[in-house]
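Heads up: the structure comes next, in structure tokens.
Along the sequence shown, the residues carry numbers beginning at 1. Note: hydrogens, waters and symmetry copies are ignored here, and every other heavy atom, side chains too, is used.
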Amino acid sequence: MGITKSIYGVNKDGAEVTKYTLKNKNGIEVSFIDSGAVITNIIVPDRDGVFEDIALGYNSIAQYEASVTYFGAPIGRYANRISGAKFVLNGKEYKLDQNDSTNCLHSGNLQYSCCMYNTEYNEDEDKIIFSRHSPDGEQGFPGNFDYSITYTLDNDNRLIIEYKAICDKDTIVNFTNHSYFNLGKGGHKCPDVLGQEVQIEADYYTPVNDILVPTGELKELAGTALDFREFKKLKDGIGKADAYGNIVTGYDYNFALRGDGKEGVKRAAQLRDSSTGRIMEMYTDLPGMQLFTANDMDIDNCKDGVHYGNFCGACFESQNFPNAINTEGFPDAVLKAGEQFKSTTIFCFKTF
């Protein structure tokens, strides 16, 4: 049904921020802002046809600019953690921001989700393209890096996210989207996701050390708190042990998806809520997925004036493995100069 747009506000640099909304023939709506190419709203029905916003977010551009929660945010150049906030590529060491203990998390202090984007769209189409030039040395990464994020909402109720990038030097790349979902009654206003069920297409995960950097091992999920091979309520793993016997108090783990990441787009995970009948399926062509459950969150005056507390939403972050550039045996994170990076992630919304 096309695209509508409205003024969302003015950013810290005085630039006008525009909100774009895609709506399909089934009444599903997804909205974005050109500041950060952030997903601000995902409005879907429950089994009774009640439409609610299932994406956590804020009320204003100032809140998005000041946030460290990454609500709805695209993350780049390299999502998740890089140990020691540094890496070596072609014999040269590159130093990054230490913004998570001694690690670099989600590429450091300058977030792609706080940058203004160029926007391309046709009012009669079902997609919008956000693009940007990242200069050599931005965030500490090498090379002039041109990238785009295309969002498509089709009539099969699929939100398709396509990432493309090219660089004039060898660099590293790992895009993801950091939307938080809550499928319960009230959507994002539902207090938590603990009673919602998750299923993940993985038999192994990448254990982490005390500052959440992967150890380089792969551990079986069977018999652990992280075993989501079959649907299980998120609360059912809380208080139980991981593969090392550590008690899980919340989820922030990378799952090694089945296959080698070269089979194309395939289903990676599902989230469902029995009270509303909502289901979200996530598909990706990437080898990993981070499940994060808003651990220790405590934020007032979020979207619609809502308070977001612990376990208020769940993220399903398609990705390469965290710290892959520094970990032998993990999937290759290098993008060669002049070669194009492409990746697709799909969120599909259904009811049962």
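- Partners of Ser274 under the side chain to side chain donor-acceptor pair (under 3.5 Å) rule, at least two apart in sequence or in another chain, do not exist in this structure.
- Judged by distance alone, the side chain of Tyr117 and the main-chain N or O of Ile129 form no donor-acceptor pair under 3.5 Å.
- Using modelled atom types, one side-chain atom of Thr276 and one backbone atom of Arg278 make a donor-acceptor pair closer than 3.5 Å.
- Residues meeting the side chain to side chain donor-acceptor pair (under 3.5 Å) test with Glu281, sequence neighbours left out: Tyr283, Lys350.
- Contact check on Lys23 versus Glu29 returns a salt bridge, with a Lys/Arg side-chain nitrogen under 4.0 Å from an Asp/Glu carboxylate oxygen.
- Taking a cutoff of 4.0 Å between a charged side-chain nitrogen and a carboxylate oxygen, Asp203 and Arg258 qualify as a salt bridge.
- For Phe175 and Tyr147, the ring centers sit closer than 6.0 Å to each other.
- Put simply, the side chain of Asp48 never gets that close to the backbone of Val50: no donor and acceptor are under 3.5 Å apart.
- A cation-pi arrangement is absent between Lys86 and Tyr94 under the rule of less than 6.0 angstrom and at most 45 degrees off the ring axis.
- Counting non-hydrogen atoms of other residues, nucleotides and ligands closer than 6.0 Å to CD of Glu230 gives a total of 12 or fewer.
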Starting from the C-alpha separation in whole Å, work towards a yes-or-no answer on ring-ring contact (aromatic ring centres under 6.0 Å, His included) for His106 and Tyr70.
CA-CA 9 Å; His106 294 329; Tyr70 312 100; 4.7 Å; yes
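- Listed here is the closest heavy atom pair of Phe321 and Ala256: CZ-CB, 3.7 Å.
- Note: Leu183 CG to Cys190 SG = 9.0 Å, rounded to the nearest 0.5 Å.
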Side chain to side chain donor-acceptor pair (under 3.5 Å) evaluation trace for Ser275 with Asp273
CA-CA 6 Å; Ser275 67; Asp273 182 89; 2.4 Å; yes
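- Annotation: Lys233, atom NZ; neighbour count of heavy atoms from other residues, nucleotides and ligands within 6.0 Å does not exceed 12.
- Checked against a 6.0 Å centroid threshold, the rings of Phe228 and Tyr251 count as neighbours.
- Checked against Phe71 for a ring-ring contact (aromatic ring centres under 6.0 Å, His included), the options Tyr64, Tyr308, Phe181 give a single hit: Tyr308.
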Could you go step by step and tell me if Val208 and Val213 meet the side chain to side chain contact (heavy atoms under 4.5 Å, CB included) rule?
CA-CA 5 Å; Val208 295; Val213 173; 5.8 Å; no
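- Salt bridge present: Glu138 and Arg132 bring a charged side-chain N and a carboxylate O closer than 4.0 Å.
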Output a table of donor-acceptor pairs, distance under 3.5 Å, between side-chain atoms of residues 158-166 and any protein atom two or more places apart or on a different chain; print 'none' if there are none.
from, atom 1, to, atom 2, distance (Å)
Arg158, NE, Asp154, OD2, 2.7
Arg158, NH2, Asp154, OD2, 2.9
Tyr163, OH, Thr176, O, 3.4
Tyr163, OH, Asn177, N, 3.3

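- Remark: of the listed residues Tyr20, Phe32, Phe130, Tyr151, Tyr20 is the sole one forming a ring-ring contact (aromatic ring centres under 6.0 Å, His included) with Tyr121.
- The existence of a salt bridge linking Lys232 and Asp227 is excluded, since no basic side-chain nitrogen approaches an acidic carboxylate oxygen closer than 4.0 Å.
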